[in-house]
Amino acid sequence: MSGRTFAARLVAWQKRHGRHDLPWQRSRDAYTIWVSEIMLQQTQVTTVIPYYERFLRRFPTVRALARAPLEDVLTLWSGLGYYSRARNLHQAARVIVDTHGGRIPDVLEMVEALPGIGRSTAAAICVFAYGSRHAILDGNVKRVLARYRGVRGYPGDARVHQQLWRHAESLLPARHIVNYTQGLMDLGAGVCARNHPQCEQCPVCADCVAHVKGLTGKLPGRKPRRALPQRSTIMLLLQNAGEILLERRAPQGIWGGLWSLPEISNAREARRVCRERYGVTAIEVKKLPPVAHGFTHFKLTIEPICVRVKKSAAQAPGTVWLALADAVSAALPAPVRKIMLSL
Ligand code: SF4
């Protein structure tokens, strides 16, 4: 077993082999670090980079973000998924401007109190922006620590989660907190991959329980299997002269605030709904192949119906007619964009 601590080996490895050129590593500005941390939740680095750069060009400061309409924020987020992250980012920017004078607080508990920021994200922001000493525990870090310390069980279970937090706290070094935290992230994103970890390249393999005992395939424990409920909906693609009707969804709930297609519960209602709700006359009605979409808590099947319509002068509130090319670049849920691109 190595004589150096876990942290000392990780810090030395990060300095030599870790990532140093990611766009959000160029500054210690708390705002840009916060944006990157939110985007990186549930999303790969390579996907995030172009979104991050576009977002900061449009909203270079927290005040610019707070001033912007939510619609603009959602449009820039379009395609990244998990839109509640964008809504919370926008809401938190307004809280930061109204309550904290436009400066992201440097106290962990105050950062954690902002909308959409959990304990680990708050800790990462405080570490990278202010150099404060806090433990992080995102998905990748849970995997590294579960393997290194040999923690059994599914990390989503409260007991296992608590145990991992205790390990995360106990391994924290007194110095080099930025390299250490980045090292944990880098190790989890690369060497300690979910499948086929490269233990021979790992700085902590000498005393990693999973490696030493041959348990890397078993740790961390998998989520207990449970069949997800199935839901279905019918969406109307109203088309007129190359334009499509989009409808804004309610601010709360699934895909809140995004543009989407009108929904109905029964295909037989299509013509009546066109007339009564959208003031248009259906000329031709055609079913399209269903599209499946997975959420964390359920699976959704969308049955699209394409309806060629004749427009009237009046337009239903909360709707907009857009050319197909413009419609696909609006802030849309991913499966709705997929349906449009299949036309
Ligand atoms: S030795 Fe292997 S399993 Fe253990 S932390 Fe390193 S990469 Fe992960």
Side-chain angles (χ1 to χ4, degrees), residues 1-22 24-25 36-37 40-49 118-128 133-225:
M1 171 171 156
S2 169
R4 290 195 301 161
T5 63
F6 172 86
R9 284 174 281 161
L10 192 60
V11 167
W13 174 85
Q14 202 286 325
K15 286 182 180 173
R16 212 156 156 216
H17 301 288
R19 297 173 292 186
H20 299 274
D21 301 314
L22 297 170
W24 41 90
Q25 291 178 310
S36 72
E37 288 298 327
L40 287 164
Q41 292 169 353
Q42 289 116 348
T43 312
Q44 301 273 342
V45 165
T46 45
T47 309
V48 163
I49 290 174
R119 177 175 166 187
S120 181
T121 303
I125 294 168
C126 290
V127 167
F128 293 129
R133 185 176 172 274
H134 298 294
I136 60 158
L137 193 65
D138 64 16
N140 285 346
V141 175
K142 284 179 198 169
R143 181 169 61 254
V144 172
L145 297 187
R147 285 172 170 172
Y148 180 70
R149 288 295 206 194
V151 176
R152 292 177 186 268
Y154 170 55
D157 287 348
R159 184 191 54 81
V160 179
H161 197 229
Q162 283 309 320
Q163 216 178 334
L164 290 171
W165 267 118
R166 281 196 294 276
H167 286 306
E169 299 280 0
S170 72
L171 291 166
L172 271 189
R175 295 166 57 233
H176 303 299
I177 190 70
V178 171
N179 290 108
Y180 173 78
T181 307
Q182 187 64 51
L184 267 181
M185 291 178 167
D186 295 349
L187 198 67
V191 170
C192 194
R194 188 182 309 272
N195 301 315
H196 314 299
Q198 318 274 298
C199 299
E200 62 291 346
Q201 294 173 27
C202 178
V204 297
C205 66
D207 55 348
C208 168
V209 173
H211 176 58
V212 172
K213 295 191 174 175
L215 293 172
T216 53
K218 292 213 164 68
L219 297 178
R222 299 225 182 279
K223 186 177 184 175
R225 272 185 180 270

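In listed order, ligands and their atoms are each counted from 1.
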Can you check whether Ile177's main-chain N or O pairs, donor with acceptor, with Thr181's side chain at less than 3.5 Å? yes
Test your reading of the model: is there a side-chain donor-acceptor pair from Arg133 to the backbone of Pro173, 3.5 Å cut-off? yes
Under 2.8 Å from atom 2 (Fe) of ligand 1, is there an N/O/S atom belonging to Cys199? yes
Taking only non-hydrogen atoms of Arg147 and a 4.0 Å limit, the atoms of ligand 1 in range are 3 (S)
Nearest non-hydrogen protein atom, atom 8 (Fe) of ligand 1: Cys192 SG, 2.4 Å
Give the single entry among Pro197, Cys202, Ala193, Pro203 that approaches atom 6 (Fe) of ligand 1 most closely by any heavy atom. Cys202
Identified side-chain contact (heavy atoms from CB on, under 4.5 Å) counterpart of Gln14 within the set Leu184, Val178, Asp186: Asp186
Which residue supplies the protein heavy atom nearest to atom 4 (Fe) of ligand 1, what is that atom called, and how far is it? Cys208 SG, 2.3 Å
Got a salt bridge between Arg119 and Asp138, using NZ or NE/NH1/NH2 to carboxylate O under 4.0 Å? no
Ligand-side contact atoms (ligand 1) for residue partner Thr216, heavy atom cut-off under 4.0 Å: 3 (S)
Among Gly190, Ala146, Cys205, Gly150, which one has a heavy atom closest to atom 1 (S) of ligand 1? Cys205
How about CZ on Arg19, more than 12 heavy atoms from neighbouring residues, nucleotides or ligands closer than 6.0 Å, or not? yes
Is it the case that atom CD in Glu200 sees more than 12 heavy atoms from other parts of the structure closer than 6.0 Å? yes
Below 4.0 angstrom from a heavy atom of His211, which ligand 1 atoms are there? Numbered from 1 as shown, please. 1 (S)
